[in-house]
Amino acid sequence: MSGGPAKTKRVVIIGMGDTGVLVASRLSRDFQVTGISTKPNLVSGQELGKRLADLNWWQRFYNTPLHRFKALSSVEIRHAKATSVDLDNQTVTVLDQSKLETRIPYDFLIIASGTSNGFWRDDSLRSEADIDAQLQSDARAISEARSIAIVGGGPCGVSSALNIQRAYPDKTVSLFISADLPLPGYHASARQYYHQELINVGVRLFTGHRAITPTPAPRAGTIHFESGQSAIADTIIWSTGDRKPHTDFLPNGLLDDEGFVKTRSTLEVEGRDNVFAIGDVASTDPARSSARNWAYGVLVHNLKRRAAGRAANKRYSPPANRWGSIVGPQDTGLTLHQDSGKTTRLSRWLVDKVLLPTVVQRVIYRGVKRLER
Ligand SMILES: Cc1cc2nc3c(=O)[nH]c(=O)nc-3n(C[C@H](O)[C@H](O)[C@H](O)COP(=O)(O)OP(=O)(O)OC[C@H]3O[C@@H](n4cnc5c(N)ncnc54)[C@H](O)[C@@H]3O)c2cc1C
């Protein structure tokens, strides 16, 4: 399909994060695309450790105003929050920052609204200035603390502990995990590798420590553990994987028991052949892994088939283990962990000069305009 009759069809995407932007950039040539976004920027959920320990570097690649993506030039961006979806009348209601409510019609709807996950990802309506203020204040909370405690041994916890300790060797960085090894869901060799790497860097690693998570979780002070022990830190990072899907605006019938969107392997939402879901919000598999693994190609292909009156015929198949970068680029390079347990190391030069600007920005995101000076 190229530019022809289907350009009359309207695709609405709720959420312009990592996956919403990718999908929009692949559909904008053939459809009228509207992206609804609580944030005027793509503020990526990736590389939390780098964001906290090296904000200037992180901002260059992971906080990008949506208008800088070349492939979104024909996409209508609505800086607003989706508050409800009317499936029968095919409309999405949105509320913008001036509290104005608008209804947007769609032929196809894509739900890419992600999940809340600790302090670094949420669904609040923010301006560019709000985003910048929060990024600066989170980085300051690390640079000004003498002791930092991180709770949770998933990729965000490991990345935070390792990057902060490397950037600030004089600070006391403690990582509390409930299992014997960090990184559940990753290949055993990746788990062993980071267990050792954390210790080598000087992180105080406490295994078998299951924390009691209060609501709201304190950003400083005391952490209590189920064992009755406790720990105190100037800054606490809670990274316990308590994800809350951003789906309050959807009818209950589309959601599973945990509130994620019931999504088939074709990335169609169960029972609706004009509604798709992708990314952390989509219950494609237990790890909800469709933000990675090229799932956006499956969605784009199947949506185009549906628009042409045909059945979806590509399926998303998740890998057995999580893979990819865990701690981001270090001075020694970027270590990529494969599904099979093998690792590949790219030099830092290759990452900063080729992988991120060329492969990610130019090829995957199809071009990012330079900053206006
Ligand atoms: C190219 C790429 C590489 C990756 N590499 C890795 C890796 O190496 N290791 C790894 O662990 N993970 C990796 N990931 C995955 C990544 O960590 C997360 O899984 C990903 O950020 C989730 O994307 P998302 O679009 O589902 O959600 P998000 O990026 O969180 O986007 C959701 C957006 O929707 C907005 N929103 C929420 N509610 C509403 C609403 N009601 N109305 C409007 N907007 C709303 C949110 O504010 C947010 O902007 C990668 C992802 C990509 C795309």
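We count ligands from 1, going down the list as the structure has it; atoms in each ligand are counted the same way. Small disclaimer: the values here were computed from a predicted structure and weren't measured.
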With side chain to side chain contact (heavy atoms under 4.5 Å, CB included) as the test, pick out the partner of L175 among I237, L162, I150.
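The single option meeting the side chain to side chain contact (heavy atoms under 4.5 Å, CB included) with L175 is I150.
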So is [X] touching ligand 1 or not, going by heavy atoms under 4.0 Å?
{"X": "A282", "answer": "no"}
{"X": "S325", "answer": "yes"}
{"X": "T115", "answer": "no"}
{"X": "I14", "answer": "yes"}

Is there any N or O on [X] that sits under 3.5 Å from an N or O of ligand 1?
{"X": "Y365", "value": "no"}
{"X": "S37", "value": "no"}
{"X": "D123", "value": "no"}
{"X": "K39", "value": "yes"}
{"X": "D280", "value": "yes"}

Region of S113 engaging ligand 1 - heavy atom pairs below 4.0 Å:
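Answer for S113: both.
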Of [options], which has the heavy atom at the shortest distance from [atom]?
{"atom": "atom 52 (C) of ligand 1", "options": "K81, Q46, H246, E47", "value": "Q46"}
{"atom": "atom 42 (N) of ligand 1", "options": "P40, A82, A295", "value": "A82"}
{"atom": "atom 53 (C) of ligand 1", "options": "S289, S116, A291", "value": "A291"}

Is the [atom1] atom of [X] crowded by more than 12 outside heavy atoms at less than 6.0 Å?
{"X": "R345", "atom1": "CZ", "value": "yes"}
{"X": "D257", "atom1": "CG", "value": "no"}
{"X": "R210", "atom1": "CZ", "value": "no"}
{"X": "R292", "atom1": "CZ", "value": "yes"}

Starting from atom 45 (C) of ligand 1, find the nearest protein heavy-atom neighbour and note its residue, name and distance.
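Heavy-atom neighbour on the protein nearest atom 45 (C) of ligand 1: T38 CG2, 3.7 Å.
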Identify the closest protein heavy atom to atom 34 (O) of ligand 1: which residue and atom is it, and at what distance?
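In this structure, atom 34 (O) of ligand 1 has G15 CA, 3.2 Å as its nearest protein heavy atom.
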Any idea which atoms of ligand 1 are less than 4.0 Å away from a heavy-atom of [X]?
{"X": "D122", "result": "46 (C), 47 (O)"}
{"X": "F249", "result": "41 (N)"}
{"X": "I36", "result": "43 (C), 44 (N)"}
{"X": "R121", "result": "22 (C), 27 (O), 28 (P), 30 (O)"}
{"X": "G279", "result": "26 (O)"}
{"X": "G17", "result": "25 (O), 29 (O), 31 (O), 33 (C)"}
{"X": "L22", "result": "53 (C)"}
{"X": "A80", "result": "43 (C)"}

Residues E268 and R305 bridged, charged N to O under 4.0 Å:
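No, this pair does not count.
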Identify whether the distance between the nearest side-chain nitrogen and carboxylate oxygen of D180 and R191 falls below 4.0 Å.
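Salt bridge: no.
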Under the 4.0 Å line, does any protein heavy atom show up next to atom 3 (C) of ligand 1?
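Yes, at least one protein heavy atom sits under 4.0 Å from atom 3 (C) of ligand 1.
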Worked check of side chain to side chain donor-acceptor pair (under 3.5 Å) between H246 and D280:
CA-CA 9 Å; H246 299 148; D280 292 357; over 6 Å; no
About how many Å separate CD1 of I212 and CD1 of I223, when rounded to the nearest 0.5 Å?
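So the CD1 of I223 and the CD1 of I212 are separated by 11.5 Å.
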May I ask whether I177 and V151 are part of the same hydrophobic cluster, defined by side-chain heavy atoms of I, L, V, M, F, W, Y residues being less than 4.5 angstrom apart, directly or through others?
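Cluster IDs for I177 and V151 differ.
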Looking only at side-chain N and O atoms, does E101 offer a donor or acceptor that is under 3.5 Å from a partner on T93?
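No.
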Using only heavy-atom distances, determine whether the side chains of R126 and S124 contain a donor-acceptor pair under 3.5 Å.
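A donor-acceptor contact under 3.5 Å links the two side chains.
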Lys NZ or Arg CZ of R26 over Y296 ring: under 6.0 Å, within 45°:
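Geometry flag: not set, cation outside 6.0 Å or 45°.
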Relative to the ring of Y365, is the ring of F69 parallel (under 30°), tilted (30 to 60°) or perpendicular (over 60°)?
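Tilted: the ring planes of F69 and Y365 meet at 30° to 60°.
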